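Quick caveat: nothing in here was measured; it's all calculated off a predicted structure.
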Amino acid sequence: MKVLVIGSGGREHALCWKIKQSKNVSKIYCAPGNGGTREVAENIDIKPNEIDKLLEFALNNQINLTVVGPEEPLVLGIVDKFEEKGLKIFGPNKEGARLEGSKDFSKMFMEKYNIPTARYKSYTDYDDAISELRKFNYPLVIKADGLCAGKGVVICNSEMEAKKTLKDILVDKEFGDEGKKVVIEEYLDGIEASLLCFVTKDKIIPLESAKDYKKIYDGDLGPNTGGVGCFSPSPLFTNELKGKINNILDRIIDGFKSEKFNFKGILFIGFMIVNGEPNVLEFNVRFGDPETEVVLPRLKSDIIVLFLNTIDGTLNENDLIWDNKPCVTVVLTSSGYPNEYEKGYEISLNEELDNSIILFHNGTKFENTRLVTNGGRVLSITSLGEDIESARDIIYKNIEKIKFQGVNYRKDIGEIN
Ligand code: AMP
Ligand code: GLY
């Protein structure tokens, strides 16, 4: 079969890499892809939000399955449009994608179905929001309602910061219409963990857990990023915690049934574990990045079968077979990221990487025969290992072999303390 993967990051490279291992697949296209997806797929110059062009491409090229990486096309309703034309596509429809596309909508869903989450209230009016700030303690969290390319969440340590953030979003329209509404919520102090789940007809089936490193500097310091390192499984996921999480998954699927959401695809749940109690920070409706880079190398099953069974509603827990070996990834970033950074620096290897390394590309492209940097996150250097410690040793032994101007990376990924 012919498969189209939409997106251009490390997540999409990992998806193409895993799809390539399927016996069922003869050809993979990636739109627009990157320097890494080019090794396993044919890159197509169409952006993820150019839905009509993607649809035309899928129809003209007899695509049997489309897999959507990023949230934007899902929120724009790509699944509804493909399904109208009878095309198979993996991901939730426009209604289900609101769980990521609107923070207010997802918080209302959590509240209605008793899903533990931070106390919150939503506001569209600046004066109302200002007058109710006193109901919250500091730090507090202000979130623009819509998709803001991962930049819409601000942790405010003082009233002054909170007032400025509300003005930026509601009055000065920093995020345009995506910030017409804000959610103000209490700050939860705990440890984060990510759980991706397949959701199919009346069923939610978790994949293996992961721990994402969001801060740019060692010791979890500095500003938030899209994620600069990750490992799977998360050691927080003890049997006791899994029991509590299963309870939350039951409530989620009951909510989906009651709301008659026809949700098919991935639900990514961001948890904050506070004193052993899981709270849901957010829902995403797609694979995580870099979570995908550490979860897929551990998956032994044919991912195409999982995608098709999810779409048909026949997926079962025992379709998912896992390698017990943990997996670690460290992301090489461009100097300046997550703020401004430059692109276009040549990437070179001064020595072959060990065979056990899987190198996923996040932001790279080819300029003729030169591979150059093309994003803030550039490469994810990934390895399975007998344990987390040995996987991280392999990575850090190899990481110095990769060179580009301004390369940065965290030195403490996978350190368990
Ligand atoms: P979100 O896009 O909602 O995941 O927020 C991005 C990041 O902000 C999360 O991964 C957390 O690190 C942080 N965050 C969001 N909400 C809260 C909260 N209520 N308490 C503490 N940290 C939060
Ligand atoms: N790693 C977090 C995300 O994909 O949103």
Side-chain angles (χ1 to χ4, degrees), residues 5-7 9-12 14-15 18 48 67-75 78-79 90-93 95-103 105-107 109-110 115-117 143 146-150 152-153 191-200 203-214 224-234 236-237 242 245-246 248-249 251-253 255-256 261 263-273 278-296 298-299 303 306-307 310 315 320 327 329 362 377 380:
V5 175
I6 296 172
R11 164 182 53 205
E12 287 76 18
L15 283 166
K18 184 67 190 162
V67 179
V68 188
E71 58 279 13
E72 191 187 5
L74 295 168
V75 171
I78 190 170
V79 169
F90 181 81
N93 59 18
E95 189 187 29
R98 288 179 72 198
L99 286 169
E100 178 162 2
S102 165
K103 305 261 184 207
F105 179 78
S106 80
K107 293 292 284 191
F109 176 83
M110 291 184 223
I115 293 160
T117 187
K143 300 181 175 184
L147 294 183
C148 305
V153 175
I191 310 176
E192 285 184 62
S194 312
L195 188 66
L196 306 174
C197 304
F198 281 105
V199 180
T200 181
K203 255 191 269 176
I204 182 161
I205 303 176
L207 284 78
E208 288 282 294
S209 60
K211 150 93 185 143
D212 180 16
Y213 289 79
K214 293 209 192 272
N224 258 346
T225 68
V228 288
C230 205
F231 66 86
S232 170
S234 159
L236 289 178
F237 274 60
K242 280 185 191 164
I245 285 181
N246 282 339
I248 295 179
L249 299 186
R251 293 183 199 182
I252 293 174
I253 203 71
F256 283 11
F261 286 165
F263 196 107
K264 284 176 287 149
I266 290 286
L267 183 72
F268 165 148
I269 312 173
F271 284 105
M272 182 71 89
I273 317 295
N279 287 269
V280 175
L281 278 188
E282 60 161 348
F283 290 130
N284 298 313
V285 295
R286 44 146 182 100
F287 282 97
D289 195 345
E291 285 85 349
T292 308
E293 289 94 307
V294 291
V295 170
L296 293 192
R298 301 188 56 219
L299 179 68
I303 199 163
L306 304 185
F307 289 149
T310 302
L315 189 74
L320 277 72
C327 187
T329 195
N362 301 82
R377 295 191 288 184
S380 292

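Separating the CZ atom in Phe263 from the SG atom in Cys197 is a distance of 9.5 Å, to the nearest 0.5 Å. The NZ atom of Lys203 sits 14.5 Å away from atom NZ of Lys264, with the distance rounded to the nearest 0.5 Å. A distance of 13.5 Å separates CZ of Arg251 from CD1 of Ile204, quoted to the nearest 0.5 Å. Distance CG/Asn362 to OG1/Thr329: 7.5 Å, rounded to 0.5 Å. Separation of atoms CG (Leu296) and CD (Glu291) is listed at 11.0 Å; rounding is to 0.5 Å. Atoms SG and CG, on Cys230 and Asp212 in that order, are 5.0 Å from each other to the nearest 0.5 Å.
With contacts defined as side-chain heavy-atom distances shorter than 4.5 Å, the pair Ile266/Phe198 qualifies. In this structure the side chain of Leu15 reaches within 4.5 angstrom of the side chain of Phe307, judged on heavy atoms. At a threshold of 4.5 Å between non-hydrogen side-chain atoms, the residues Leu207 and Leu299 do not count as touching. A 4.5 Å side-chain heavy-atom check between Cys327 and Glu293 finds every atom pair outside the cut-off. No side-chain heavy atom of Glu100 sits under 4.5 Å from any side-chain heavy atom of Leu74. Side-chain atoms of Cys148 and Lys143, non-hydrogen and from C-beta on, never get closer than 4.5 Å to each other. Val153 has its side chain within reach of Lys103: a pair of non-hydrogen atoms, C-beta onward, lies under 4.5 Å apart. Side-chain contact between Phe283 and Ile252 is present, with at least one heavy-atom pair separated by less than 4.5 Å.
In this structure, Arg11 is not positioned above the aromatic face of Phe287 in the sense of NZ or CZ being under 6.0 Å from the six-membered ring centre and within 45° of the axis.
Contacts of Arg298 classified as salt bridge (Lys or Arg N to Asp or Glu O under 4.0 Å), with partners at least two apart in sequence or in another chain: Glu208. Ser209 is linked by a side-chain contact (heavy atoms from CB on, under 4.5 Å) to Leu195, Pro233, Ser234, Phe237, counting only residues two or more places apart in sequence or in another chain. Residues meeting the salt bridge (Lys or Arg N to Asp or Glu O under 4.0 Å) test with Glu71, sequence neighbours left out: Arg286.
Contact between Ile6 and Pro70 at its shortest, heavy atoms only, is O-CD, 3.1 Å. Taking each heavy atom of Gly96 and Val285 in turn, the nearest pair found is O-CG1, 3.7 Å. Minimum heavy-atom separation, Gly101 to Val75: CA-CG2, 3.9 Å. Considering all non-hydrogen atoms of both residues, Gly226 and Pro290 come closest at O-CD, 4.0 Å. Closest heavy-atom contact between Leu196 and Gly288: CD2-N, 3.7 Å. In terms of heavy-atom proximity, Val199 sits nearest to Thr310 at O-CG2, 3.3 Å.
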>> For a side chain to side chain contact (heavy atoms under 4.5 Å, CB included) check, start with the C-alpha distance between Phe90 and Ile303, then their side-chain angles and the critical distance, and finish with the verdict.
In response: CA-CA 11 Å; Phe90 181 81; Ile303 199 163; over 6 Å; no

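Without hydrogens or angle criteria, Thr292 side chain to Asp289 main chain gives no donor-acceptor distance under 3.5 Å. Between the side chain of Thr225 and the main chain of Lys214, a donor-acceptor pair closer than 3.5 Å is present.
Evaluated for a side chain to side chain contact (heavy atoms under 4.5 Å, CB included) with Pro278, the options Leu236, Ile245, Ile269, Thr117 yield exactly one hit, Ile245.
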